[in-house]
Amino acid sequence: MNSHVESTARPMRARAAVAALALAIFFPACRAGSPAPVFPPGAQVLHLASLDDIPTLDPAAGYDVDSWMFEQMIFDTLIRYSDSGVDLVPDIAASWTASPDSTVFTFHLRRGVRFSNGRAVASADFKYAIERVLDPKTRSKGMEYYRGIVGAADFVAGRAKSVAGIETPDPWTIVFRLSAPDPIFPHKLAMPFAAAVPREVVARYGEDFSRHVVGSGPFMLRQWIGGQRIVLVRNPDYFVKGVPRLDGVVEAIGVNEDLQWFRFETGAIDLSAIPPAVFPYVIKTPRLKALTMRIVTMTTRYLGMNCQMPPFTDVRVRRAMNYAIDKRKLVAVINGRGIPANGVLPPSLPGYDPDLRGYPYDPARARALLEQAGYPHGFTATVWLPADQTMMVLAQSVQQDLALVGVQLKLKPVGFAPLLDAIRQPNTVPLFFSGWEADFPDPANFLDVLLSRAQWGANNDSWFYDPRFDALLAQAKPLADPVRRFALYRQAQRIAVADAPWVFLYFPVTWQIRQPWVHGLALNPMRPTRLDRVWLSPHPKPQ
Amino acid sequence: MKPRLNFMETAGAVMVLGLAVVAIFAPLLAPHDPARAVAASFGDPWPPSRAFPLGADQLGRDVLSRIIYGARISLIVGVAAMAITLAIGVAIGLAAGFLGGAVDSLLMRFTDVMLTMPALLLAMALVTVLQPGLLTVLLVIGLVSWTQVARVVRAEALSISRRDFVLAARALGATRTRLIVRHVAPNVMPIIVVMAALGVSGTLLLDAGLSFLTLGVPPPTPSWGRMIEESTAYFRTAPWLAIFPGLAILYAVMGFNLLGHGYLRRRRRDASTR
């Protein structure tokens, strides 16, 4: 998914905040009349805080970090990622098989898994969930991932009542048939889009399902007051015995990063992000540093150059830009919470190329390249970026570096949504700051999505095209053998790095801090943290 | 009689003069380039020290140098935006006050409509529509702050145009243009001077507000308002990043205010002793 910056890497949030505000204005009475649920003394309750409201809890609708964090607590998929890794492990499916050509996938479900309304989960619930995502009326952003299933096109067009390629021979078996080989299809079933949802509850609430979610996951929704708080409680009938260990999770909404830190210091919340200003202090204080957790996420940040707009049509100019920008300084500006990028693929991604050298900081070489390209005195360019404080500071660091090689940068801060729209118009945005977070752990999710000719006007925001690159992607796509597959993707990445459609900036590192009484927490490089195995040791209760 | 400056005026003049000197000689006074990284304080601002008397910000820039260069933007915006404000306000005010009738009603209702819109909100909307830059900031501040000037000038022009000497000039056959330029305008002048001196502090604050909302002069040009905005994340850990530009704004606003109020006071006293 698209992402822009660490402190606010949540593109979907702004709209939700506006909606929450509107609700707060029009229905003030609802807020006053709903006290927080009371937990019995000694209950294990994890307290969190966040600035913006959760956009949605409906698995068909959510496509952002915050929605997914709560969706994966309430719902189950056939298979999921392990707590701290990106290896697929059983969830409701106890086992699964793939045909050698990666076109047929068969999943065998556990027996005795129930939705929290008491009904048993069956294979038809998964079929229904995916058909719901594919239904154009749902307007789900997850639609793209399931178009490769046989009969999906007919279903989307309204020519079929169900998707022919999803078969449910019995309540505990589900078979997916694909129209073309896709070895990474199981990853698409591990996205919350494919979580089992009870048809009868969706039918009852319709669009309002998000507020009345019923799933089979470790937690259940107890209370959700827009702009104020969301409360989840333990699902006593969860199919994994002894899980979750927590009795509840309470997230206060409307708490900005700095306030979160205050509340963390007083012990009122158990987990917190670390605001940039206090980060150096936390690192210098051994007591606090011991409570931090860090993970290199599967995210890449880049300065995109429109390869169809002069002067960036010239590969020498694009390489010069790469040599001119000091990535180490950039990382220092964000408190070292990143790794200078050597290419497109982040180090935590399977298929990462550790031998790729990338572009070191070398302003002299940048000047020489600019001179060769016919810009001995540099040029002036406008860079578009999300209007965000951290982004503006990063942009000014880049502006300083480029001024040293004669490139004068004008900054054009705009809203995130208009920025995405503008980038997708041809010949509109010459330079822009952007980023990408993996949807699944495979190089295709970066290389195919961001740099192939087929994505012009969609996610190929630098309007890059190299036939050799596209040919390698086509060769790699159907291969299930990771060795051969990754070798081809590495080759493709080297072409992309040499062609330099981006200035490869850095791979962000996420830091979190927890209270000393929080145990069993594991950060995941790609998905929000799961809380089902977290437990709390006795600790003082803040007032 | 030679005009004798009172204390307020003297203090204000000295402060404004000081500001002008700093702005004009910024390249000589500033120890460093305000837009370059000169300290290794990336992500972790440095407190004031001998090498960086007002500290260094999270991009390694010297705060003192940025404040010195920021004086340029503040002075240019303060004075130039006030000039635009006066040009619009005086023209509309004189026309309405002198011509009267339908012209007066039309212009004053238009002014009333403009007055209903909060200046900062209107300025934000205009900046968003126009290209960001120094010229935009000047125009926008001029376009949103002329209303007060227009109303005061109109009232003054209205009363002056009914005085005997104007009637006399008219009886002598003076043209309308000549009446405005030679008789009404010079007598409105003192009030314009007061409005200008007091108004500059208003435009300075409006500029700082726009910069704080990241709608002012874009980086790398240093501006005080933006310096404060960029340091909001560091209020608790590096307050000097916000305090020093804040003091600079206070200094400039106070200088122009003292000058304006001092002049006003002297005029009142002169009028009462005349």
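Just so it is clear: chains get the letters A, B, ... in the order the sequence lines come, proteins before strands, and each one is counted from 1. Given the structure is predicted, the values throughout are model-derived calculations rather than measurements.
Nearest approach of A:Q399 to B:P220, heavy atoms of both residues: NE2-CD, 3.1 Å. Here the closest non-hydrogen pair linking B:A233 and A:A277 is O-CB, 2.7 Å. A:Q400 and B:A35 get closest at one heavy-atom pair: CG-O, 3.1 Å.
Rounded to the nearest 0.5 angstrom, B:R236 CZ and A:Y281 OH are separated by 8.5 Å. To the nearest 0.5 angstrom, A:D258 atom CG is 11.0 Å from B:Y234 atom OH. The CD atom of A:Q396 sits 8.5 Å away from atom CD of B:Q58, with the distance rounded to the nearest 0.5 Å. Note that CD1 of A:I334 is 13.0 Å distant from CZ of B:F42, once rounded to the nearest 0.5 Å.
In the displayed structure, B:F235 atom CZ is contacted under 6.0 Å by more than 12 heavy atoms of other residues, nucleotides or ligands. Sparse packing is recorded around CZ of A:R365, with 12 or fewer heavy atoms of other residues, nucleotides or ligands lying under 6.0 Å away. Residue B:R151 qualifies as open at atom CZ: its count of foreign heavy atoms under 6.0 Å is 12 or below. When the shell of 6.0 Å around CZ of A:R263 is examined, it contains 12 or fewer heavy atoms from other residues, nucleotides or ligands. Environment of CE in A:M293: crowded, with over 12 heavy atoms of neighbouring residues, nucleotides or ligands closer than 6.0 Å.
Of the possible polar contacts, one joining the A:N335 side chain to the B:G43 backbone as a donor-acceptor pair under 3.5 Å is found.
If you tally non-hydrogen atom pairs under 4.5 Å between each of B:D44, B:T128, B:D33, B:L59 and chain A, the highest count goes to B:L59. Of the residues considered (A:V414, A:V333, A:L409), A:V333 shows the highest number of contacts with chain B, using heavy-atom pairs under 4.5 Å.
Contacts between B:S41 and chain A at a heavy-atom distance below 4.5 Å are absent for every atom of the residue.
No side-chain heavy atom of A:K410 sits under 4.5 Å from any side-chain heavy atom of B:P218.
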